[in-house]
Every structure is written in C-alpha cells, then in structure tokens.
J.: 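The structure follows.
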Amino acid sequence: MLSPISPAELAARQAALFTAPSHVAAKRLIGWTLRVDGVGGRIVETEAYHYSDPASHTFPGPTARNAVMFDPPGAIYVYRSYGIHWCMNLVCGDEPGSAVLLRAIEPTDGLDLMAARRGLEDPRLLCSGPGRLCQALGVSIAQNGLRVDAPPFELLPGPAVEVVVGPRIGITKAVETPWRFGEKGSRFLSKPFPKT
DNA sequence: GTATGGATGGACT
DNA sequence: GTCCATCCATACT
C-alpha cells in the first residue's frame, strides 16, 4: 500500500525527477507507478536518451516528429516504431531534447482492460516491452504532447527498489552506453539483463 | 517525386 | 535461434 502523499509533495518529487539528467531520471523511475485512465502499474524497465547521443531521435536536431522532446520536462513523447508499434517516452533532463523510454510495467491496475486490448491474458505479456506497454495502456500518437502530471495520466512515487543496469535494446548507434535500467529480479522485463 | 531504415513483437524452426 | 509485417520522418534525386 502506498503511503498518502500531499499534492505539493507529489509535485515536488515529480519536478525533481523530470529535471534530473535523463539517465538519472530513468534509474529513479524504476518502482514508480504509472496509470492512464486508471490502467497501469509499476515501472520496472526504462532506457535513457540524450540529445548528444547518436541513438536518440533528437541527435539530428529538432524536427516535426521529435518536437515534443524539446517541450518542458514531464511531456509525453510518442512515436511509431517499425510501422506497427507505438513507443512512449517521458521528457526528462537538465537540458532540452532528452527523454526516458518506458520499456516495461508490472501490471497492477486494470488487468481486464489491458488483457482485452492486448488480446491475451498472461500478465507477463501485457506490458513487457515498449510496444506492448502502449497497447495495454491505450497510448498512441493521440497522447503525444500530453503531460504525465495531468489527466488521463498519473505518475506516483514508489518505494526504492534495487536497480540493475545494462546496454540498451534494439539500437544500432552508441550500443555500449549502459543506459537501460530495470528492477532486479522482476519477472516483467522485456528481456533479461546480462549477468554482471 | 522516390528510397530507406528503424528505441518491435509475434510466429515459426 | 530466424524471419518479417508495415508506417512515417527523413534524405535523397
């Protein structure tokens, strides 16, 4: 059970998260709870992207697609991946053009709706990947540019958890930058982390 | 105007 | 492990 938190404290903790460098925010986000219209769960896997990072959509500079990544921290950046899937980022950072990709959630709220949207029941397959997560939470380009600190989104701090680190998934540039973060031992990761 | 290449997931061997 | 569906921003001609 989450302890009650005042609106002022929530706003302060969100602001501190959003304005941290994206790789710090990505690590801190592990264990927070995200819901969209009441559907969601605990964030268990993230990746960080930075404008100076060749793997980032913002590396070539501002464009129509990545414009939201230059919005103030707390904005939601959604893009289509491989022509099929949606991927959801939270704009974070001490400089513009950086964000945290949400890769996996441990589903806790709205399991039935998530299962219906995904067309399957297994909780481990509902949100274990960036495309799956967006499908389960009903996130698409329609949510691009909205803010995570306003409805239909909710973002709440969780207890500190043990976090593991590894290289990011599916990229072709800056492959070795260890900016993927996950909750140690979680069964809801998109892929295991390499043993350290 | 056309060409290209993904921050993926699911089906299959 | 391999294969590939399918879209759009971007980089060309």
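Here is how names work: the chains are called A, B, and so on, in the same order as the sequence lines, proteins then strands, and each is numbered from 1.
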J.: From C-beta outward on A:R80, which listed nucleotide comes closest to its side chain: C:dC7, B:dA7, B:dG9?
T.: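 Selected nucleotide: C:dC7.
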J.: Both distances under 3.5 Å, Watson-Crick or G-U wobble: report the partner of B:dA7, or none.
T.: none
J.: Just how far, in rounded Å, is P of B:dG9 from CG of A:L189?
T.: 13 Å
J.: Going by centres under 5.5 angstrom and planes under 30 degrees, do the aromatic ring of A:Y49 and the base ring of B:dA7 stack?
T.: yes
J.: In whole angstroms, how far is the C1' atom of B:dT8 from the CD1 atom of A:I171?
T.: 14 Å
J.: Under 4.0 Å, counting only non-hydrogen atoms across every strand here, what does A:I84 touch: a base, just sugar-phosphate, or nothing?
T.: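 The answer is base, as A:I84 lies within the cut-off (heavy atoms under 4.0 Å) of a base atom.
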J.: Could you check whether any side-chain N or O of A:S128 sits under 3.5 Å from a backbone N or O of A:F188, counting only pairs where one atom can act as donor and the other as acceptor?
T.: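 At least one qualifying donor-acceptor pair exists.
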J.: Can you figure out which of B:dA7, B:dT8, C:dA9 approaches the side chain of A:R65 most closely?
T.: C:dA9
J.: Which part of the nucleic acid, if any, lies within reach of A:N66 when heavy atoms closer than 4.0 Å are counted: base, sugar-phosphate only, or nothing?
T.: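 Nothing, no nucleic acid heavy atom in range.
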J.: Report the distance from atom CG of A:L90 to atom P of B:dA7, rounded to the nearest whole Å.
T.: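 From A:L90 CG to B:dA7 P: 19 Å.
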J.: Is the positively charged end of A:R80 above the ring of A:W86, judged by distance under 6.0 angstrom from the centroid and angle within 45° of the axis?
T.: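 Because its charged atom sits under 6.0 Å from the ring centre and within 45° of the axis, A:R80 does stack over A:W86.
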J.: Testing A:L90, A:L102, A:L29 one by one against A:L34 for a side chain to side chain contact (heavy atoms under 4.5 Å, CB included), which residue passes?
T.: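 Among A:L90, A:L102, A:L29, the one meeting side chain to side chain contact (heavy atoms under 4.5 Å, CB included) with A:L34 is A:L102.
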J.: Which heavy-atom pair separates A:A104 from A:L189 by the least distance, and what is that distance?
T.: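 Result for this residue pair: CB-CA, 4.3 Å.
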J.: Nearest whole Å is fine: how far is B:dA7 C1' from A:L133 CG?
T.: 13 Å
J.: With 3.5 Å as the limit, what N/O pairs link the protein to nucleotides 10-13 of chain B?
T.:
residue : atom : partner : partner atom : Å
B:dG10  : OP1  : A:R118  : NH1          : 2.9
B:dG10  : OP1  : A:R118  : NH2          : 3.0
B:dG10  : OP2  : A:R132  : NE           : 2.6
B:dG10  : OP2  : A:R132  : NH2          : 2.5

J.: Sub-3.5 Å donor-acceptor pair from the side chain of A:N66 to the main-chain atoms of A:G61, do we have one?
T.: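 A pair under 3.5 Å: yes.
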J.: Does the side chain of A:H57 get closer than 4.0 angstrom to OP1 or OP2 of B:dA7 through an N or O atom?
T.: yes
J.: Once the angle between the rings of A:W179 and A:H23 is folded into 0 to 90°, is it parallel (under 30°), tilted (30 to 60°) or perpendicular (over 60°)?
T.: parallel
J.: Is there a donor-acceptor pair under 3.5 Å between the side chain of A:R117 and the backbone N or O of A:A136?
T.: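 Judged by distance alone, yes, a pair lies under 3.5 Å.
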J.: Rounded to the Å, how far apart are A:H85 NE2 and C:dC8 P?
T.: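 Taking NE2 of A:H85 and P of C:dC8, I get 14 Å after rounding.
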J.: For A:G131 and A:T172, find the nucleotide of DNA chain B closest to each by heavy atoms; which residue's nucleotide sits nearer the 5' end?
T.: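 Final value for this comparison: A:T172.
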J.: If C:dT6 has a Watson-Crick or G-U wobble mate with both distances under 3.5 Å, name it; if not, just say none.
T.: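 Check on C:dT6: unpaired, no WC or wobble geometry under 3.5 Å.
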J.: Classify the side chain of A:Y79 versus the base of B:dA7 as yes if they form a donor-acceptor pair under 3.5 Å and no if they do not.
T.: yes
J.: Decide yes or no on salt bridge (Lys or Arg N to Asp or Glu O under 4.0 Å) for A:D149 and A:R147, but give the supporting numbers first.
T.: CA-CA 5 Å; A:D149 52 10; A:R147 293 196 54 82; 3.1 Å; yes
J.: Using atom CZ of A:R168 as one end and atom P of B:dT8 as the other, report the distance to the nearest whole Å.
T.: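 Answer to the nearest Å: 11 Å.
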J.: Can you tell me the distance, in whole Å, between the CH2 atom of A:W86 and the C1' atom of C:dT6?
T.: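 The answer, rounded to whole Å, is 12 Å.
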J.: If I take atom OH in residue A:Y77 and atom C1' in nucleotide C:dC8, what distance separates them, rounded to the nearest angstrom?
T.: 11 Å
